[in-house]
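In this text the structure is predicted, and so the values were computed from the model without any measurement. For this chain, numbers begin at 1 and follow the sequence in order.
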Amino acid sequence: PSGANKAEETITFDASATIDRDGDNLIFLWDFDDSDGIQREESGSEVTWEYNIEGTYVVTLTVEDGQFSQTKTVEIEVIPKDSIRPEADAGSRMGVDDCDGEETSDSSREFYLYFICEEKENNDREIDATNKLVLPGGIDSHCHIEQRSASGLVNSDTFLSGTTAAALGGNTTIIPFAAQYEGDSLTNIVQEYHELAENNAIVDYSMHMIIAGPSDDVIDFQLPKLIREGHSSIKIFMTYDRLRIDDNSIQRILEQAKQCGAMVSVHAENHEMITKKVKELLDNDCMHPKYHTDSHPVDGEVDAFKRIIRMSEETKQPVMIFHVSSEKGLNEIKKAKSRGVQFFSETCTQYLSLNSNLLNQTNIKEAAKWICSPPVRDQSDSEALWRGIEEKTLDLVSSDHAPYSFDEKGKFFMGNNPSFKEIPNGMPGLHWRLPIILNKVLRKQCNLDLHDFIRITSTMPAKIYLSLIHI
(Lines give C-alpha, C1' and ligand atoms only; values in the text may rest on other atoms or scores of the structure.)
Protein backbone atom coordinates (compact mmCIF):
# COMPACT_ATOMS: atom_id res chain seq x y z
CA PRO A 1 0.00 0.00 0.00
CA SER A 2 1.02 3.59 -0.42
CA GLY A 3 -0.93 6.25 1.40
CA ALA A 4 -2.56 5.86 4.81
CA ASN A 5 -4.87 8.33 6.55
CA LYS A 6 -4.71 8.91 10.28
CA ALA A 7 -6.94 11.59 11.71
CA GLU A 8 -6.16 14.72 9.70
CA GLU A 9 -2.60 13.72 8.87
CA THR A 10 -1.49 11.72 5.87
CA ILE A 11 1.45 9.37 6.24
CA THR A 12 2.86 7.89 3.08
CA PHE A 13 4.93 4.75 3.37
CA ASP A 14 6.09 1.87 1.21
CA ALA A 15 5.73 -1.75 2.16
CA SER A 16 5.67 -5.16 0.55
CA ALA A 17 3.55 -8.09 1.68
CA THR A 18 3.66 -11.84 1.25
CA ILE A 19 0.20 -13.41 1.20
CA ASP A 20 -0.41 -16.67 3.01
CA ARG A 21 -3.63 -18.49 3.88
CA ASP A 22 -4.84 -19.68 7.27
CA GLY A 23 -8.16 -21.42 6.76
CA ASP A 24 -10.50 -18.80 5.32
CA ASN A 25 -8.21 -15.92 6.34
CA LEU A 26 -5.63 -14.27 4.12
CA ILE A 27 -2.51 -13.46 6.12
CA PHE A 28 -0.45 -10.47 4.97
CA LEU A 29 3.18 -10.65 6.12
CA TRP A 30 4.32 -7.04 5.93
CA ASP A 31 7.83 -5.74 5.34
CA PHE A 32 7.98 -1.95 5.73
CA ASP A 33 10.55 -0.32 3.49
CA ASP A 34 13.00 2.03 5.18
CA SER A 35 12.50 4.72 2.56
CA ASP A 36 11.66 8.39 2.33
CA GLY A 37 7.99 7.51 2.69
CA ILE A 38 8.17 8.01 6.46
CA GLN A 39 10.08 11.01 7.72
CA ARG A 40 12.89 10.10 10.05
CA GLU A 41 16.26 11.17 11.36
CA GLU A 42 19.28 8.95 10.92
CA SER A 43 22.37 8.94 13.08
CA GLY A 44 24.82 6.14 12.40
CA SER A 45 22.90 2.89 12.60
CA GLU A 46 20.05 4.34 14.65
CA VAL A 47 16.76 5.49 13.16
CA THR A 48 14.30 7.73 14.99
CA TRP A 49 10.73 7.86 13.66
CA GLU A 50 9.06 11.23 13.55
CA TYR A 51 5.68 9.48 13.62
CA ASN A 52 4.35 6.70 15.81
CA ILE A 53 2.60 4.34 13.38
CA GLU A 54 0.19 3.01 16.00
CA GLY A 55 -3.42 3.71 15.07
CA THR A 56 -6.16 2.95 12.56
CA TYR A 57 -5.62 3.59 8.85
CA VAL A 58 -7.65 3.42 5.66
CA VAL A 59 -5.51 1.58 3.14
CA THR A 60 -6.01 0.63 -0.50
CA LEU A 61 -4.62 -2.84 -1.19
CA THR A 62 -3.99 -4.36 -4.60
CA VAL A 63 -3.60 -8.12 -4.54
CA GLU A 64 -2.19 -9.60 -7.75
CA ASP A 65 -2.45 -13.24 -8.77
CA GLY A 66 -0.84 -13.92 -12.12
CA GLN A 67 -2.75 -11.92 -14.73
CA PHE A 68 -5.54 -10.88 -12.37
CA SER A 69 -5.62 -8.28 -9.63
CA GLN A 70 -8.16 -7.10 -7.07
CA THR A 71 -8.14 -3.72 -5.38
CA LYS A 72 -9.97 -3.16 -2.11
CA THR A 73 -10.09 -0.35 0.43
CA VAL A 74 -9.89 -1.64 4.00
CA GLU A 75 -9.20 -0.40 7.48
CA ILE A 76 -6.17 -1.72 9.32
CA GLU A 77 -5.39 -1.28 12.98
CA VAL A 78 -1.73 -1.13 13.98
CA ILE A 79 -1.04 -2.09 17.61
CA PRO A 80 2.38 -2.31 19.29
CA LYS A 81 3.35 -5.85 20.08
CA ASP A 82 4.34 -4.90 23.61
CA SER A 83 0.82 -3.68 24.36
CA ILE A 84 -2.05 -5.99 25.40
CA ARG A 85 -3.17 -7.88 22.34
CA PRO A 86 -6.97 -7.70 22.09
CA GLU A 87 -8.96 -10.73 21.08
CA ALA A 88 -10.29 -10.42 17.55
CA ASP A 89 -14.07 -10.23 17.36
CA ALA A 90 -15.44 -13.12 15.31
CA GLY A 91 -16.02 -11.98 11.75
CA SER A 92 -14.69 -8.47 12.37
CA ARG A 93 -10.92 -8.76 12.79
CA MET A 94 -9.20 -11.14 10.40
CA GLY A 95 -5.74 -11.79 9.03
CA VAL A 96 -3.60 -11.01 12.08
CA ASP A 97 0.15 -11.24 11.78
CA ASP A 98 3.37 -9.63 13.01
CA CYS A 99 4.77 -6.51 11.38
CA ASP A 100 8.36 -5.61 12.18
CA GLY A 101 9.09 -1.91 12.78
CA GLU A 102 12.49 -0.24 12.59
CA GLU A 103 14.73 0.21 15.64
CA THR A 104 14.11 3.48 17.47
CA SER A 105 16.53 5.34 19.69
CA ASP A 106 15.26 3.65 22.82
CA SER A 107 13.80 0.23 21.97
CA SER A 108 12.95 -2.27 19.29
CA ARG A 109 9.32 -2.00 18.20
CA GLU A 110 7.17 -4.70 16.58
CA PHE A 111 3.55 -4.24 15.55
CA TYR A 112 0.49 -6.37 14.93
CA LEU A 113 -1.69 -5.58 11.92
CA TYR A 114 -5.44 -6.22 12.23
CA PHE A 115 -7.68 -6.14 9.19
CA ILE A 116 -11.05 -4.69 10.11
CA CYS A 117 -13.40 -6.44 7.68
CA GLU A 118 -17.07 -6.80 6.96
CA GLU A 119 -18.95 -9.82 8.27
CA LYS A 120 -17.74 -12.88 6.39
CA GLU A 121 -21.16 -13.79 5.06
CA ASN A 122 -21.36 -10.46 3.25
CA ASN A 123 -18.33 -11.45 1.19
CA ASP A 124 -19.88 -14.66 -0.14
CA ARG A 125 -20.91 -14.67 -3.79
CA GLU A 126 -24.34 -16.05 -4.60
CA ILE A 127 -25.27 -17.02 -8.16
CA ASP A 128 -28.92 -17.32 -9.09
CA ALA A 129 -29.12 -20.57 -11.06
CA THR A 130 -32.91 -20.60 -11.36
CA ASN A 131 -33.90 -22.31 -14.62
CA LYS A 132 -30.22 -22.94 -15.42
CA LEU A 133 -28.24 -26.15 -15.87
CA VAL A 134 -25.50 -26.58 -13.28
CA LEU A 135 -23.00 -29.00 -14.85
CA PRO A 136 -19.52 -30.24 -13.96
CA GLY A 137 -16.61 -28.45 -15.58
CA GLY A 138 -15.42 -30.09 -18.76
CA ILE A 139 -12.16 -32.05 -18.94
CA ASP A 140 -10.52 -31.74 -22.36
CA SER A 141 -8.07 -34.61 -22.29
CA HIS A 142 -6.54 -34.08 -25.74
CA CYS A 143 -5.30 -30.60 -26.69
CA HIS A 144 -2.06 -29.00 -27.89
CA ILE A 145 -0.98 -25.75 -26.22
CA GLU A 146 2.32 -23.91 -26.73
CA GLN A 147 3.69 -27.16 -28.12
CA ARG A 148 6.75 -27.35 -30.36
CA SER A 149 5.98 -29.44 -33.43
CA ALA A 150 8.39 -31.74 -35.22
CA SER A 151 8.93 -28.99 -37.84
CA GLY A 152 9.87 -26.48 -35.14
CA LEU A 153 6.60 -24.50 -35.32
CA VAL A 154 4.84 -23.69 -32.06
CA ASN A 155 1.06 -23.58 -31.63
CA SER A 156 -0.33 -20.06 -31.73
CA ASP A 157 -1.81 -20.40 -28.22
CA THR A 158 0.05 -19.73 -25.01
CA PHE A 159 -1.03 -21.43 -21.82
CA LEU A 160 -2.77 -18.20 -20.84
CA SER A 161 -4.74 -17.78 -24.08
CA GLY A 162 -5.39 -21.52 -24.43
CA THR A 163 -6.69 -22.02 -20.91
CA THR A 164 -8.73 -18.82 -21.19
CA ALA A 165 -10.44 -20.29 -24.25
CA ALA A 166 -10.91 -23.54 -22.32
CA ALA A 167 -12.55 -21.72 -19.39
CA LEU A 168 -14.81 -19.68 -21.70
CA GLY A 169 -15.90 -22.98 -23.22
CA GLY A 170 -16.80 -24.47 -19.82
CA ASN A 171 -13.65 -26.51 -19.18
CA THR A 172 -11.97 -26.57 -15.78
CA THR A 173 -9.25 -29.11 -16.59
CA ILE A 174 -7.10 -29.72 -19.67
CA ILE A 175 -4.46 -32.32 -20.54
CA PRO A 176 -2.07 -31.02 -23.23
CA PHE A 177 1.29 -32.50 -24.24
CA ALA A 178 4.97 -32.30 -23.36
CA ALA A 179 6.61 -33.22 -26.68
CA GLN A 180 9.94 -35.08 -26.59
CA TYR A 181 11.87 -35.70 -29.80
CA GLU A 182 14.93 -37.77 -30.71
CA GLY A 183 17.87 -36.72 -28.55
CA ASP A 184 15.77 -34.83 -25.98
CA SER A 185 15.76 -35.65 -22.29
CA LEU A 186 12.18 -36.63 -21.44
CA THR A 187 12.72 -35.45 -17.87
CA ASN A 188 13.85 -31.99 -18.99
CA ILE A 189 11.06 -31.67 -21.55
CA VAL A 190 8.37 -32.46 -18.97
CA GLN A 191 9.86 -29.89 -16.61
CA GLU A 192 10.03 -27.23 -19.35
CA TYR A 193 6.37 -27.65 -20.32
CA HIS A 194 5.25 -27.52 -16.70
CA GLU A 195 7.20 -24.30 -16.27
CA LEU A 196 5.35 -22.82 -19.27
CA ALA A 197 2.01 -23.74 -17.73
CA GLU A 198 2.77 -23.05 -14.08
CA ASN A 199 2.47 -19.26 -14.10
CA ASN A 200 0.02 -18.89 -16.99
CA ALA A 201 -2.68 -21.58 -16.88
CA ILE A 202 -5.96 -20.38 -15.35
CA VAL A 203 -7.56 -23.85 -15.18
CA ASP A 204 -6.26 -27.14 -13.79
CA TYR A 205 -3.92 -29.09 -16.04
CA SER A 206 -1.75 -32.15 -16.36
CA MET A 207 0.42 -33.40 -19.25
CA HIS A 208 0.66 -36.35 -21.60
CA MET A 209 4.31 -37.20 -22.31
CA ILE A 210 4.96 -37.61 -26.05
CA ILE A 211 7.81 -40.05 -26.63
CA ALA A 212 9.33 -39.72 -30.10
CA GLY A 213 12.88 -40.56 -29.08
CA PRO A 214 12.52 -43.96 -27.37
CA SER A 215 16.13 -44.56 -26.29
CA ASP A 216 17.00 -47.19 -23.68
CA ASP A 217 17.61 -44.41 -21.16
CA VAL A 218 14.21 -42.84 -21.82
CA ILE A 219 12.24 -46.11 -21.65
CA ASP A 220 14.13 -47.93 -18.90
CA PHE A 221 15.17 -45.11 -16.55
CA GLN A 222 13.58 -41.70 -17.21
CA LEU A 223 10.05 -42.96 -17.91
CA PRO A 224 9.65 -45.14 -14.77
CA LYS A 225 10.96 -42.30 -12.58
CA LEU A 226 8.54 -39.78 -14.10
CA ILE A 227 5.62 -42.19 -13.69
CA ARG A 228 6.53 -42.70 -10.01
CA GLU A 229 6.50 -38.93 -9.62
CA GLY A 230 2.94 -38.83 -10.98
CA HIS A 231 3.35 -38.18 -14.72
CA SER A 232 1.13 -41.09 -15.61
CA SER A 233 0.07 -40.57 -19.22
CA ILE A 234 2.14 -41.31 -22.34
CA LYS A 235 1.44 -40.60 -25.99
CA ILE A 236 3.00 -42.37 -28.96
CA PHE A 237 2.68 -41.92 -32.74
CA MET A 238 2.53 -44.59 -35.41
CA THR A 239 2.95 -42.02 -38.21
CA TYR A 240 4.74 -38.70 -39.04
CA ASP A 241 8.41 -38.81 -40.03
CA ARG A 242 9.85 -37.24 -36.85
CA LEU A 243 7.28 -38.56 -34.40
CA ARG A 244 6.57 -42.19 -35.23
CA ILE A 245 8.23 -45.02 -33.36
CA ASP A 246 8.48 -48.64 -34.46
CA ASP A 247 6.39 -51.50 -33.15
CA ASN A 248 9.24 -52.86 -31.02
CA SER A 249 9.53 -49.53 -29.17
CA ILE A 250 5.76 -49.38 -28.79
CA GLN A 251 5.79 -52.85 -27.25
CA ARG A 252 8.52 -51.83 -24.77
CA ILE A 253 6.64 -48.69 -23.76
CA LEU A 254 3.42 -50.66 -23.24
CA GLU A 255 5.26 -53.15 -21.04
CA GLN A 256 6.85 -50.35 -19.00
CA ALA A 257 3.48 -48.62 -18.62
CA LYS A 258 1.94 -51.90 -17.46
CA GLN A 259 4.64 -52.39 -14.87
CA CYS A 260 4.52 -48.80 -13.57
CA GLY A 261 0.78 -48.14 -13.81
CA ALA A 262 0.46 -45.57 -16.62
CA MET A 263 -1.92 -44.93 -19.52
CA VAL A 264 -0.75 -44.95 -23.16
CA SER A 265 -2.58 -42.96 -25.86
CA VAL A 266 -1.93 -43.55 -29.56
CA HIS A 267 -2.15 -41.66 -32.83
CA ALA A 268 -2.84 -44.72 -34.95
CA GLU A 269 -2.43 -44.47 -38.73
CA ASN A 270 -0.33 -46.61 -41.05
CA HIS A 271 2.73 -44.53 -41.91
CA GLU A 272 3.74 -46.48 -45.01
CA MET A 273 0.27 -46.15 -46.58
CA ILE A 274 0.28 -42.38 -45.98
CA THR A 275 3.82 -41.95 -47.34
CA LYS A 276 3.02 -43.89 -50.49
CA LYS A 277 -0.22 -41.98 -51.11
CA VAL A 278 1.40 -38.57 -50.53
CA LYS A 279 4.14 -39.34 -53.06
CA GLU A 280 1.58 -40.55 -55.60
CA LEU A 281 -0.50 -37.37 -55.26
CA LEU A 282 2.43 -34.96 -55.43
CA ASP A 283 3.93 -36.80 -58.42
CA ASN A 284 0.61 -36.19 -60.19
CA ASP A 285 0.65 -32.47 -59.31
CA CYS A 286 -2.22 -32.87 -56.82
CA MET A 287 -1.29 -30.02 -54.48
CA HIS A 288 -4.57 -28.47 -53.30
CA PRO A 289 -5.61 -28.85 -49.61
CA LYS A 290 -8.52 -31.06 -50.71
CA TYR A 291 -6.01 -33.86 -51.42
CA HIS A 292 -5.07 -34.00 -47.76
CA THR A 293 -8.09 -36.26 -47.19
CA ASP A 294 -6.96 -38.66 -49.92
CA SER A 295 -3.43 -38.74 -48.49
CA HIS A 296 -4.67 -40.34 -45.26
CA PRO A 297 -6.63 -43.40 -46.46
CA VAL A 298 -9.22 -44.88 -44.13
CA ASP A 299 -7.56 -48.28 -44.58
CA GLY A 300 -4.46 -46.85 -42.92
CA GLU A 301 -6.53 -46.05 -39.83
CA VAL A 302 -8.04 -49.53 -39.80
CA ASP A 303 -4.66 -51.25 -40.14
CA ALA A 304 -3.07 -49.21 -37.35
CA PHE A 305 -6.06 -49.84 -35.07
CA LYS A 306 -5.66 -53.59 -35.58
CA ARG A 307 -1.95 -53.45 -34.75
CA ILE A 308 -2.19 -51.34 -31.61
CA ILE A 309 -5.19 -53.31 -30.31
CA ARG A 310 -3.24 -56.55 -30.82
CA MET A 311 -0.24 -55.13 -28.91
CA SER A 312 -2.52 -53.89 -26.14
CA GLU A 313 -4.12 -57.32 -25.91
CA GLU A 314 -0.76 -59.13 -25.81
CA THR A 315 0.72 -56.90 -23.10
CA LYS A 316 -2.58 -56.54 -21.20
CA GLN A 317 -1.88 -52.80 -21.12
CA PRO A 318 -4.97 -50.67 -21.90
CA VAL A 319 -4.49 -47.94 -24.50
CA MET A 320 -6.52 -44.95 -25.61
CA ILE A 321 -6.98 -44.73 -29.39
CA PHE A 322 -7.10 -41.03 -30.19
CA HIS A 323 -9.33 -39.22 -32.72
CA VAL A 324 -11.27 -42.04 -34.38
CA SER A 325 -12.34 -40.47 -37.69
CA SER A 326 -14.08 -43.13 -39.78
CA GLU A 327 -16.90 -45.65 -39.72
CA LYS A 328 -14.49 -48.43 -40.74
CA GLY A 329 -12.16 -47.56 -37.89
CA LEU A 330 -15.09 -47.49 -35.47
CA ASN A 331 -16.17 -50.96 -36.62
CA GLU A 332 -12.68 -52.32 -35.90
CA ILE A 333 -12.91 -50.93 -32.35
CA LYS A 334 -16.37 -52.40 -31.89
CA LYS A 335 -15.18 -55.86 -32.95
CA ALA A 336 -12.22 -55.80 -30.55
CA LYS A 337 -14.29 -54.61 -27.59
CA SER A 338 -16.96 -57.23 -28.32
CA ARG A 339 -14.37 -59.98 -27.91
CA GLY A 340 -13.29 -58.57 -24.55
CA VAL A 341 -10.16 -56.52 -25.26
CA GLN A 342 -9.81 -53.83 -22.59
CA PHE A 343 -8.96 -50.46 -24.15
CA PHE A 344 -10.45 -47.01 -24.71
CA SER A 345 -11.26 -44.87 -27.74
CA GLU A 346 -12.32 -41.30 -28.41
CA THR A 347 -13.34 -39.03 -31.24
CA CYS A 348 -13.19 -35.25 -31.54
CA THR A 349 -15.67 -32.46 -32.16
CA GLN A 350 -14.51 -31.87 -35.75
CA TYR A 351 -15.17 -35.47 -36.79
CA LEU A 352 -18.71 -35.18 -35.43
CA SER A 353 -19.56 -31.82 -36.96
CA LEU A 354 -17.45 -31.20 -40.10
CA ASN A 355 -16.83 -32.98 -43.40
CA SER A 356 -14.21 -33.01 -46.15
CA ASN A 357 -16.11 -30.61 -48.42
CA LEU A 358 -14.60 -27.77 -46.36
CA LEU A 359 -11.18 -28.54 -47.87
CA ASN A 360 -12.52 -28.32 -51.42
CA GLN A 361 -12.54 -24.51 -51.66
CA THR A 362 -11.01 -22.37 -54.40
CA ASN A 363 -9.42 -20.06 -51.82
CA ILE A 364 -6.44 -22.05 -50.54
CA LYS A 365 -6.22 -20.00 -47.34
CA GLU A 366 -9.81 -20.88 -46.48
CA ALA A 367 -9.32 -24.54 -47.34
CA ALA A 368 -6.12 -24.73 -45.26
CA LYS A 369 -8.04 -23.86 -42.10
CA TRP A 370 -9.64 -27.30 -42.06
CA ILE A 371 -6.52 -29.44 -42.43
CA CYS A 372 -6.04 -31.75 -39.45
CA SER A 373 -4.92 -35.35 -39.04
CA PRO A 374 -6.62 -37.67 -39.35
CA PRO A 375 -8.64 -35.60 -41.83
CA VAL A 376 -12.32 -34.84 -41.44
CA ARG A 377 -14.16 -37.29 -43.66
CA ASP A 378 -17.66 -37.85 -45.06
CA GLN A 379 -21.02 -37.04 -43.51
CA SER A 380 -21.70 -40.77 -43.23
CA ASP A 381 -18.61 -41.14 -41.04
CA SER A 382 -19.85 -38.37 -38.72
CA GLU A 383 -23.21 -40.08 -38.38
CA ALA A 384 -21.52 -43.40 -37.56
CA LEU A 385 -19.35 -41.73 -34.90
CA TRP A 386 -22.43 -40.24 -33.19
CA ARG A 387 -23.84 -43.78 -33.04
CA GLY A 388 -20.53 -44.94 -31.60
CA ILE A 389 -20.93 -42.45 -28.75
CA GLU A 390 -24.56 -43.36 -28.18
CA GLU A 391 -23.68 -47.08 -28.03
CA LYS A 392 -20.65 -46.36 -25.76
CA THR A 393 -18.20 -47.86 -28.24
CA LEU A 394 -16.45 -44.48 -28.05
CA ASP A 395 -15.69 -43.46 -24.49
CA LEU A 396 -15.35 -39.68 -24.72
CA VAL A 397 -15.08 -36.63 -26.97
CA SER A 398 -12.04 -34.34 -26.92
CA SER A 399 -11.10 -31.32 -29.05
CA ASP A 400 -7.57 -32.16 -30.29
CA HIS A 401 -7.15 -28.38 -30.15
CA ALA A 402 -4.06 -27.49 -32.23
CA PRO A 403 -4.25 -23.91 -33.52
CA TYR A 404 -1.83 -22.29 -35.96
CA SER A 405 -1.88 -18.67 -37.09
CA PHE A 406 -2.85 -18.00 -40.71
CA ASP A 407 0.45 -16.38 -41.68
CA GLU A 408 4.13 -17.12 -42.28
CA LYS A 409 4.52 -18.22 -38.66
CA GLY A 410 1.77 -20.82 -38.90
CA LYS A 411 -0.27 -22.45 -41.65
CA PHE A 412 1.68 -20.61 -44.37
CA PHE A 413 5.24 -20.94 -43.10
CA MET A 414 6.12 -22.51 -46.49
CA GLY A 415 4.66 -19.60 -48.49
CA ASN A 416 1.26 -18.43 -49.73
CA ASN A 417 0.69 -21.31 -52.15
CA PRO A 418 1.74 -24.45 -50.28
CA SER A 419 0.88 -28.01 -51.17
CA PHE A 420 -1.36 -29.93 -48.77
CA LYS A 421 1.78 -31.64 -47.45
CA GLU A 422 3.32 -28.26 -46.47
CA ILE A 423 0.39 -27.03 -44.38
CA PRO A 424 0.62 -27.71 -40.62
CA ASN A 425 -2.08 -30.05 -39.33
CA GLY A 426 -4.48 -28.78 -36.70
CA MET A 427 -7.38 -26.50 -35.86
CA PRO A 428 -8.69 -24.83 -32.68
CA GLY A 429 -11.48 -26.40 -30.62
CA LEU A 430 -11.05 -25.90 -26.85
CA HIS A 431 -13.69 -23.18 -26.72
CA TRP A 432 -16.27 -25.01 -28.85
CA ARG A 433 -16.24 -28.66 -27.77
CA LEU A 434 -18.85 -28.37 -25.00
CA PRO A 435 -21.19 -25.87 -26.73
CA ILE A 436 -21.32 -27.94 -29.94
CA ILE A 437 -22.07 -31.21 -28.17
CA LEU A 438 -24.49 -29.65 -25.68
CA ASN A 439 -26.36 -27.97 -28.52
CA LYS A 440 -26.96 -31.35 -30.16
CA VAL A 441 -28.12 -32.84 -26.85
CA LEU A 442 -30.50 -30.04 -25.90
CA ARG A 443 -31.99 -29.86 -29.39
CA LYS A 444 -32.47 -33.65 -29.28
CA GLN A 445 -30.47 -34.07 -32.49
CA CYS A 446 -28.82 -37.20 -31.07
CA ASN A 447 -29.78 -40.01 -28.70
CA LEU A 448 -27.84 -38.57 -25.76
CA ASP A 449 -29.20 -36.95 -22.62
CA LEU A 450 -27.50 -34.61 -20.11
CA HIS A 451 -26.08 -37.55 -18.15
CA ASP A 452 -24.46 -38.84 -21.36
CA PHE A 453 -23.11 -35.35 -22.08
CA ILE A 454 -21.45 -35.25 -18.66
CA ARG A 455 -20.13 -38.79 -19.13
CA ILE A 456 -18.34 -38.10 -22.43
CA THR A 457 -17.01 -34.62 -21.53
CA SER A 458 -16.15 -34.92 -17.82
CA THR A 459 -16.69 -38.27 -16.13
CA MET A 460 -14.85 -40.58 -18.51
CA PRO A 461 -11.80 -38.33 -18.95
CA ALA A 462 -11.54 -38.16 -15.15
CA LYS A 463 -11.84 -41.92 -14.75
CA ILE A 464 -9.40 -42.77 -17.55
CA TYR A 465 -6.69 -40.18 -16.91
CA LEU A 466 -7.04 -38.26 -13.68
CA SER A 467 -7.39 -41.33 -11.48
CA LEU A 468 -3.82 -42.17 -12.60
CA ILE A 469 -2.38 -38.72 -11.96
CA HIS A 470 -0.98 -37.92 -8.52
CA ILE A 471 0.48 -34.43 -9.08
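Between Q350 and S399, every side-chain heavy-atom pair lies at or beyond the 4.5 Å cut-off. Between I145 and L430, some side-chain heavy-atom pair lies under the 4.5 Å cut-off. Side chains of H267 and M238 form no contact here, defined as non-hydrogen atoms less than 4.5 Å apart. Taking the side chain as every heavy atom from C-beta outward, L394 and F344 never approach each other to under 4.5 Å. Considering only heavy atoms from C-beta on, L354 comes within 4.5 Å of M427 through its side chain. In this structure, the side chains of V266 and M320 stay at 4.5 Å or more apart for every pair of heavy atoms.
The closest side-chain donor-acceptor pair between H323 and E346, if any, does not fall under 3.5 angstrom. Counted by atom type alone, D407 and S405 present one or more donor-acceptor pairs between their side chains at under 3.5 Å. Under the 3.5 Å distance criterion, with hydrogens and angles disregarded, no donor-acceptor pair is assigned to the side chains of T158 and E146.
The pair E327-R387 meets the salt-bridge criterion, since a charged nitrogen lies less than 4.0 angstrom from a carboxylate oxygen. Under a 4.0 Å N-O distance rule, the pair D216/R252 qualifies as a salt bridge. In this structure, K369 pairs ionically with E366, as a charged nitrogen and a carboxylate oxygen lie closer than 4.0 Å. Remark: D247 engages R307 in a salt bridge, criterion side-chain N to carboxylate O under 4.0 Å.
The residue from L448, L385, I456 that alone fulfils the side-chain contact (heavy atoms from CB on, under 4.5 Å) condition with E390 is L448. Each of M263, H142, Q180 was compared with K235 under the side-chain contact (heavy atoms from CB on, under 4.5 Å) criterion, and only H142 meets it.
Below 30°, between 30° and 60°, or above 60°: for H231 and H194 the angle between ring planes is above 60°, a perpendicular geometry. Taking the six-membered ring where tryptophan is involved, the planes of Y465 and H208 are perpendicular, since the angle between them exceeds 60° and thus also 30°.
Note that K290 lies outside the cation-pi zone of F420, set by a 6.0 Å cut-off to the ring centre and a 45° limit from the axis.
With sequence neighbours left out, H296 forms a ring pair (Phe, Tyr, Trp, His ring centres under 6.0 Å) with H292.
H271 has its ring centre no less than 6.0 Å from the ring centre of F237.
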query: Passes salt bridge (Lys or Arg N to Asp or Glu O under 4.0 Å), E272 versus R244? Steps please.
result: CA-CA 11 Å; E272 287 71 23; R244 73 184 183 105; 3.6 Å; yes

